[in-house]
Amino acid sequence: MSNQQVVVPSQNLDAFYTKPNNLIDLFENSVDKFASCNLFGAKNKTTDQYEWVTYGAVAERVNNLRGALNKLGFSKGEKVGVIVSNCVEWFVCANATHGLGGIFVPMYEKELQKVWQYIIQDAAIKYLFVRDQKICDTVKSFQKNIPTLKDIFILFGEGEKTLSALEKTGKANPVPSYKPHWSETAFIIYTSGTTGDPKGVLLHHGNMTHNAKECHATFDEGFTDEVGLSILPWAHSFGLTADLHTYIFGGWSLGFAESADKLLANFSEVKPTHMSAVPRVFNIIYDKIQQGVAADPVKKQFFDAACAEAVKNRGLAEKTKDFKDLDALVFSQIRAIFGGRLRHVVTGGAMMKPDIAMFFSDVGVPTYDGYGLSETSPVISNNSPGRGNKYGTVGRAFKDTKVVIDKSRVGEDSPDGEIVVYGAQVMQGYHNKPAITKEAMMPDTWKGLPGVRTGDRGWLDEEGYLHITGRFKDEYKLENGKYVHPESIEGEIKLVPYVSNALVYGEGRLYNVALVVPDFVTLKADPQTSAWAQGTPEETIADKECTDFISQQITGHLRKSFGGYEIPQKFLYIAEDFSVDNGMMTQTMKLIRRNVMKKYGEQLKALYDN
């Protein structure tokens, strides 16, 4: 499917896409209102301090690069790509591209070379911006096989073929920004490819601005000092919308986290009021808090008292004196971990465990689960301060969105079905993939707005909250005919502090088995397990006493939530964690089952022979 062949409903939809309905107006309106306010903050490696740039300063760089791209001969509808993690320069390239009517194609900095090559060729990228000379040298080798790739520029460097040189050229050759119609394609966001080649999701300016404005509306409480900590990649629509475009629309500020291992330090430096994250981040912090208090009997006594008093105070408008005293003594120290100002956390990609979510709410750092896909820009539904926060759900549908539970695959008697979404955020289609687009898109519309099949199972309760129950492509039947949703079981297994990752297998078998990657850091730190974990990871998993202990912890935890037929009966332990580098995880930390099974499938199947 070329960009000119996208799925476009025939009805006039202008009423759904109120201004600003393109990403140029979204940014330039905020520049007009917040020119002297901070937009982006990044750590200066030399001074080890965060340095901030204003809306006005970023706009000047956008204007300069737009002038340079125009002088190079870049035209409306052509594509610019980028290979770099979140940074000021990423946004400068994106907005300069959009300001000439171009389409922006972001790629992950840490990615397989063959994926870069596939995307550059599939998207027909004309100009490519890369972080440094090392990446430049790699992608230069693609040019001979990709005639559409005209030139490559280095973002961080000096001299010819750099962003710096282009900005100087553009400053001397200014050109006004083009204001795209809402229906013009803004991004091609490539999905992770858990089941094959990446798919290029075509999202138009209306998709992106509508979703960002609705994100803002559900969380805006009128504060003027909103600061976010950016940890989600903008190459994925979650970070792109929930952080970048939402914050720009609100005139808010966004600081870049350095890395996962420096996240706690960055919290104290940026002191965010908002952030978006995957639940895993908060599960890890929760485990560290529990481990910390368990090691000190006095701390644990006060901690347990604070937690118990917090439970009593849930729902009370006026908190008790005991709670206030314990909050000041105990919970204030936990809030300090996050910089002391964090008011809201938006979580997506998976569900927060309700008891962990309620703990953070008691502490004063509430989390709000949302749900969406790359194909829906991404948000379909969310919990929020203004719309309610029902734990165990992914909230209510966004404005101009209709969620339908299609039971055609499971039967009308089923309590759930496939989640189908119609709305202003639904994609135009998949780039160059007409057959897959036809399979995914609904043949009808709702109020003229397109619909898409999500592949997820769920149900709506009487209050309109959406509950997710599994994913069709991952479910399988055991030998007894009972269905299993492995990702739900895997999610619970990973909540066991001694586990880093897991895969559940059992299709057509009598029972489930599980592949488990232990959390070796936790095993070494916990007094209960440290004696087993002093050697290498390989030596640790060779200790049957250690693996039996972890297996017992997993089984005991799963019994609280799952039927006996769902709980794995045998376990295979491995030392190497799943990662992007070894091909076991996508960039959004989703399991690539086919790759894990390719490597460990025979060992898992052998568990049934013993």
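All residue numbers refer to positions in the sequence shown, counting from 1.
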For this output row, return yes or no: ring centroids of [X] and [Y] closer than 6.0 angstrom.
{"X": "Trp116", "Y": "Tyr190", "value": "no"}
{"X": "Trp252", "Y": "His216", "value": "yes"}
{"X": "Trp234", "Y": "Phe187", "value": "no"}
{"X": "Phe16", "Y": "His210", "value": "no"}
{"X": "Phe104", "Y": "Phe129", "value": "no"}

Would [X] and [Y] count as having a side-chain donor-acceptor pair, cut-off 3.5 Å?
{"X": "Glu226", "Y": "Thr273", "result": "yes"}
{"X": "Glu60", "Y": "Asn64", "result": "no"}
{"X": "Asn382", "Y": "Thr218", "result": "yes"}
{"X": "Glu269", "Y": "Asn266", "result": "yes"}
{"X": "His98", "Y": "Asn22", "result": "no"}

Item to complete: Could you check whether the rings of Trp182 and Tyr17 sit parallel, tilted or perpendicular, using 30° and 60° as the cut-offs?
Response: parallel
Closest approach of [X] to [Y] (non-hydrogen atoms, all atoms of both residues):
{"X": "Asp456", "Y": "Tyr371", "answer": "OD2-OH, 2.7 Å"}
{"X": "Ser237", "Y": "Ser377", "answer": "CB-C, 4.1 Å"}
{"X": "Ser164", "Y": "Glu158", "answer": "OG-OE1, 3.2 Å"}
{"X": "Leu232", "Y": "Asn86", "answer": "O-ND2, 2.8 Å"}

Worksheet item: Val82 and side chain to side chain contact (heavy atoms under 4.5 Å, CB included): which partner among Trp90, Tyr127, Phe91?
Response: Trp90
[Y] backbone acceptor or donor facing [X] side chain under 3.5 Å:
{"X": "Asn211", "Y": "Val379", "result": "yes"}
{"X": "Lys213", "Y": "Thr18", "result": "yes"}
{"X": "Arg387", "Y": "Arg396", "result": "yes"}
{"X": "Arg335", "Y": "Gly364", "result": "no"}
{"X": "Ser85", "Y": "Glu109", "result": "no"}

Item to complete: I would like to know whether Arg131 and Glu89 meet side chain to side chain contact (heavy atoms under 4.5 Å, CB included); could you show each step before the answer?
Response: CA-CA 9 Å; Arg131 178 179 180 82; Glu89 290 72 16; over 6 Å; no
Worksheet entry | Under-4.0 Å salt bridge between Lys433 and Glu439 | no
Worksheet item: Salt bridge between Lys79 and Asp122, side-chain N to carboxylate O under 4.0 Å?
Response: no
